Amino acid sequence: MTSFLKVSGARIVDGNGQEVILRGAGLGGWMTMENFISGYPGCEFQIREVLADVIGKEKSQLFFDKVGSRYISLPSIILVKSLGQFLENFFGEADAAFFKSLGLNCIRIAISYRHFEDDLNPRVLKPEGFRHLDRVVAACAKYGIYTILDMHTAPGGQNGGWHSDHGSHLSSFWKHRDFQDRLVWLWTEIARHYKDEKWVAGYNPMNEPADPEHTGLTHFYDRVYAGIYSVDSNHILFLDGNTFASDFTGFPEDAGTRWPNAAYAIHDYSLYGFPKAPEPYVRAEEQRRRIHRSYQKKREWIDQRGLCVWNGEWGPVYARKEYDGDLTDEINERRYMVLNDQLEMYQQDRLSWSIWLYKDIGFQGMVYVPHETPYMKLFKDFLYKKYRLAVDAWGADDRFVRHVYQPIVDLIKKEVPDEADQRLYPYPIWTLERRVEVLARNILVSEFMVREWAEHFRGLSEADILGIAESFKFENCMERDGLNKVLRAHAPK
Ligand SMILES: O[C@@H]1[C@@H](O)[C@H](O[C@@H]2CO[C@@H](O[C@@H]3CO[C@@H](O)[C@H](O)[C@H]3O)[C@H](O)[C@H]2O)OC[C@H]1O
């Protein structure tokens, strides 16, 4: 019989006081879809709107979230096969069984407020939001996997990333009291729903906040803590640091007593896991020191106060044969070394972690949708175009378009020569170069490509659409063996 987990000092323990180290992955791209995970440009709300415009509301709904049926003609009979759609296919029992087979014990589920509340009908709970979440929480529980519910998108947007699904680089959440009130209300409802579920390890009220004032985040955590604990005092709260889970310096000194039963989330992405690494990773002493320094810096504030650290996101991205050619294997072997070396560090600290990402179309996931599936065939050329134009901000290789955007960076540097004035929040996570990438490519150019993505569905039959959604099903996916091998080696024995 499992028991609620809780935070005891710097550790997570079960009902018997035994330490539990949570080792697992993030289920991104599911109840919060993302451009590089599923292969569209821009934000989820944009593709949903435009797909409905191109093929009609009903058919677009069929792709995202409606159980349908497909007629398969065989020589003498007609079979009616019941099929799910994207949300149904993306994670099922087979995924949970595979995950467990690696020895991992926790999945952080990225959810979007949009599944539970409509902007045009605020504070009215959409019960259907729980349909899939309940299903996945139950599938994980069945295999002895804890879940952490992660609010990846907040009304108005809590950061300027595509992953908070609001289409702008400026986050309105921090400026509008009503957005904050709504999220506190929604979390209270979610906690009410899961208050008795022991396989839910806890709630991660906000992914990667980026509050320019810092004080707004403390205020929000106070309020969401009170809201959740008014209905559910059993679950751990996993609180991300400010500025993309990197900075705790604006947190209150009395955090430990103010928010009992809280763990503090860092996101420990290492530059060596990405195309923009300063040099190829060869496990040099200095490189390992650099990875360690960056990790220590993120957790310093938490350690100094004896609080509990959770690494809620981290992990390299990978090269792809179709884009990186003969260099692919060599690049990926280096990335697996980064992965391994990060895990060794975490092991030493008995750190709980959640690697990003469980499933995608082949860039970062432990499991990926292969080229032979209907979805990947349909979007093959379009995906190459996205790659060439580097429209996704995450791990993008900008070699084909750097010359287009560099002049914008140069212009700003020339016309705003004081470096301090070039450092707009969320500097240093967003340098001037990063800001130009996000605005010009990830927001602007992407916006013009959304319709092209949706046009791929025009004229498709319902059966075709269901087949496309089925591409994401575990049985149709491949496993990234190099990554899973390293994870398995560091999983609980
Ligand atoms: O949904 C996820 C999203 O949560 C994630 O956000 C990014 C995380 O990394 C941030 O940059 C890192 C900041 O710290 C430096 O040390 C690292 O080198 C950087 O990579 C980035 O700004 C966030 O957008 O990204 C992946 C999404 O799928």
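Just the heavy atoms: all of them, side chains too, but no hydrogens, waters or symmetry mates, feed the values below. Order of listing sets the numbers, starting from 1, for every ligand and every atom in it. Because the structure is a prediction, the values reported are computed rather than measured.
By the salt bridge (charged side-chain N to carboxylate O under 4.0 Å, His left out) test, R434 is found to be paired with E437, residues two or more places apart in sequence or in another chain being considered.
For H193 and F130, the distance between ring centers is under 6.0 angstrom.
Listed by chain and residue number, the protein contacts of ligand 1 are E34, F36, H152, W162, H163, N207, E208, F244, Y269, L271, E313, W356, W394, I429 (heavy atom within 4.0 angstrom).
Aromatic ring pairs are classed by plane angle as parallel below 30°, tilted from 30° to 60° and perpendicular above 60°; the pair F379 and F457 is tilted.
Using a 4.0 Å cut-off between charged nitrogen and carboxylate oxygen, E330 and R334 count as a salt-bridge pair. Salt-bridge annotation for K473 and D95: absent, with no side-chain N of the basic residue lying under 4.0 Å from a carboxylate O of the acidic one. Salt bridge R288/E285: absent, no basic N to carboxylate O contact under 4.0 Å.
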